[in-house]
Amino acid sequence: MAIFSVYVVNKAGGLIYHLDSYAPRAEAEKTFSYPLDLLLKLHDERVLVAFGQRDGIRVGHAVLAINGKDVNGKYTADGKEVLEYLGNPANYPVSVRFGRPRLTSNEKLMLASMFHSLFAIGSQLSPEQGSSGIEMLETDTFKLHCFQTLTGIKFVVLADPRQAGIDSLLRKIYEIYSDFALKNPFYSLEMPIRCELFEQNLKLALEVAEKAGTFGPGS
Amino acid sequence: MSRPAPRKPEYHKINKDLFVLTYGALVAQLCKDYEKDEDVNTYLDKMGYGIGTRLVEDFLARSCVGRCHSYSEITDIIAQVAFKMYLGITPSVTCNNSSRNEFSLILDKNPLVEFVEELPAGRSSLCYCNLLCGIIRGALEMVHLAADVTFLQDRLKGDSVTEIGITFLKKLDEKKYRRKK
């Protein structure tokens with residue numbers, strides 16, 4: 001999938017819509033015997049790999065499941081602490097699944113507000129008067145495109161760096177927003193968008209954009 | 001980054017008469033519900049405001065107009081692009097006040113009042129098309145411009161032309177936007 005996610009941020013910086021459409025992330029499940037040769041640490045309510053990268057399990061990956069049962073933050077499905085469980089030789093051999101942790105809703109909200117502030121700072125840093133805010137953020141693995149309307153709503157799309165045509169996609173998303181979200185009489189402005197039609201049409205538009213724009217391998 | 005060419009908006013054709021009749025039914029019902037003309041005018045304005053806040057995004061998404069830098073530019077765009085897009089008419093723009101804050105739109109043709117001859121007796125201060133004023137006010141507020149929009153002259157009340165007056169008030173500061181409670 002060349003387009004990873006879409007975020008819509010309202011005037012006050014609150015996230016009102018997000019859509020993740022990336023392919024299943026790399027996950028690795030392995031059976032271990034005591035002692036565990038990976039160094040685990042607790043960070044932000046998750047158990048992450050701090051050191052000991054091997055076999056597809058990379059530093060930064062989180063413990064996703066133990067013995068097939070999904071973990072709940074730093075606790076196992078049964079309510080025991082993961083680090084304690086994995087420190088006890090009696091529980092071995094154990095099968096643990098590692099993978100890149102998904103962002104929780106709260107984290108997304110926080111990141112959206114932060115981006116909103118950075119966007120405002122971006123336009124103030126400009127040496128020219130009347131500059132726009134951040135339009136594109138580029139890294140080696142993705143590009144973040146942002147389009148702010150004259151009314152202050154921001155549409156943010158994270159895509160593969162090789163994906164082209166994101167500009168017109170952003171304007172298309174604006175049209176879809178003005179049609180299916182705003183014209184819904186029961187949708188209140190600035191509130192989270194919970195309109196089925198909006199989501200359906202957005203997914204369609206993403207598909208069209210991916211087929212039309214990408215010049216890289218795979219989609 | 002070049003702007004894409006303005007797309008031709010897709011109009012799903014519906015009968016204009018249906019729209020005019022719907023608007024007429026709306027005003028007639030409001031007249032039944034409220035005794036005083038001021039109340040009807042206020043409610044029409046409020047409804048228009050709700051429509052305007054939503055319509056402005058549709059307008060901006062479809063018309064590809066850029067940021068305006070003066071009040072006269074804004075009024076021109078409202079008259080020549082917005083009215084044309086939604087009502088099919090192009091009012092003319094005049095500037096009333098030399099300090100450039102008061103403008104007027106003169107409508108020579110108004111599809112909404114096509115079938116209305118005159119206001120009923122006892123409803124002499126009813127602004128039949130006050131919805132339009134609310135729409136303009138709501139739309140301007142969403143792009144951070146406070147304005148007072150009223151009917152200055154109305155053919156239905158016996159004046160020679162229909163004139164909508166737009167008075168731009170102090171610009172709302174974008175940075176001071178507060179979270180809605």
Side-chain angles (χ1 to χ4, degrees), chain A residues 8-16 109 113 116-117 119-121 123-124 129-133 135-136 145-155 164-193 195 198 205 209, chain B residues 1-12 14 22 26 46-70 73-74 77-78 81-82 85-86 135 137-146 171-181:
Chain A
V8 182
V9 183
N10 70 11
K11 285 191 256 234
L15 186 66
I16 57 176
L109 269 164
S113 326
H116 171 83
S117 314
F119 183 95
I121 292 172
S123 66
Q124 286 170 28
Q129 268 286 341
S131 161
S132 75
E135 286 183 347
M136 182 154 73
H145 302 251
C146 178
F147 169 57
Q148 184 185 45
T149 68
L150 289 172
T151 51
I153 308 263
K154 280 184 266 301
F155 297 94
I166 300 285
D167 257 0
S168 50
L169 173 66
L170 282 168
R171 277 160 185 72
K172 183 88 183 100
I173 297 178
Y174 187 26
E175 273 182 35
I176 294 174
Y177 168 75
S178 78
D179 278 341
F180 298 102
L182 291 186
K183 289 179 187 154
N184 181 340
F186 304 114
Y187 167 69
S188 330
L189 256 54
E190 311 293 296
M191 290 288 115
I193 300 174
C195 311
F198 175 74
Chain B
M1 200 170 57
S2 58
R3 274 194 184 276
R7 268 171 288 258
K8 191 165 185 288
E10 300 152 3
Y11 294 125
H12 298 285
I14 67 167
T22 308
L26 175 74
K46 266 197 199 152
M47 281 195 268
Y49 179 82
I51 295 175
T53 54
R54 293 161 187 262
L55 202 61
V56 68
E57 306 265 16
D58 180 73
F59 172 66
L60 290 171
R62 303 212 140 81
S63 66
C64 299
V65 296
R67 198 171 268 277
C68 291
H69 299 287
S70 70
E73 227 181 299
I74 293 167
I77 290 197
I78 294 177
V81 190
M85 201 190 247
Y86 293 111
I135 293 178
R137 186 171 66 90
L140 287 173
E141 193 165 309
M142 290 298 274
V143 286
H144 312 286
L145 290 163
K171 194 172 201 269
L172 292 173
D173 197 345
E174 285 180 41
K175 296 186 202 99
K176 288 208 182 101
Y177 188 89
R178 300 257 181 276
R179 245 178 235 278
K180 264 206 184 118
K181 295 215 170 123

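Order of the sequence lines fixes the chain letters, A, B, ..., with proteins taken first and strands second; residue numbering starts at 1 for each chain.
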> Stepwise, does the salt bridge (charged side-chain N to carboxylate O under 4.0 Å, His left out) test hold for A:D179 with B:R62?
Replying inline: CA-CA 11 Å; A:D179 278 341; B:R62 303 212 140 81; 2.9 Å; yes
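- Neither the backbone nor the side chain of A:A120 comes within less than 4.5 Å of any heavy atom of chain B.
- Neither the backbone nor the side chain of A:S123 has a heavy atom closer than 4.5 Å to any heavy atom of chain B.
- Two residues are said to be in side-chain contact when any heavy atoms from C-beta on lie closer than 4.5 Å; B:H144 and A:T151 fail this criterion.
- For the ring-ring contact (aromatic ring centres under 6.0 Å, His included) test, residues two or more places apart in sequence or in another chain that qualify with A:F198 are A:Y17.
- To the nearest 0.5 Å, atoms CG (B:L60) and CZ (A:R171) are separated by 11.5 Å.
- Separation of atoms CG (B:D58) and OH (A:Y177) is listed at 12.0 Å; rounding is to 0.5 Å.
- Distance alone, capped at 3.5 Å, is enough to place a donor-acceptor pair between the B:R54 side chain and the A:L182 backbone.
- Evaluation of the side chain to side chain contact (heavy atoms under 4.5 Å, CB included) rule for A:A205 yields A:L169, A:K172, A:I176 as partners, not counting sequence neighbours.
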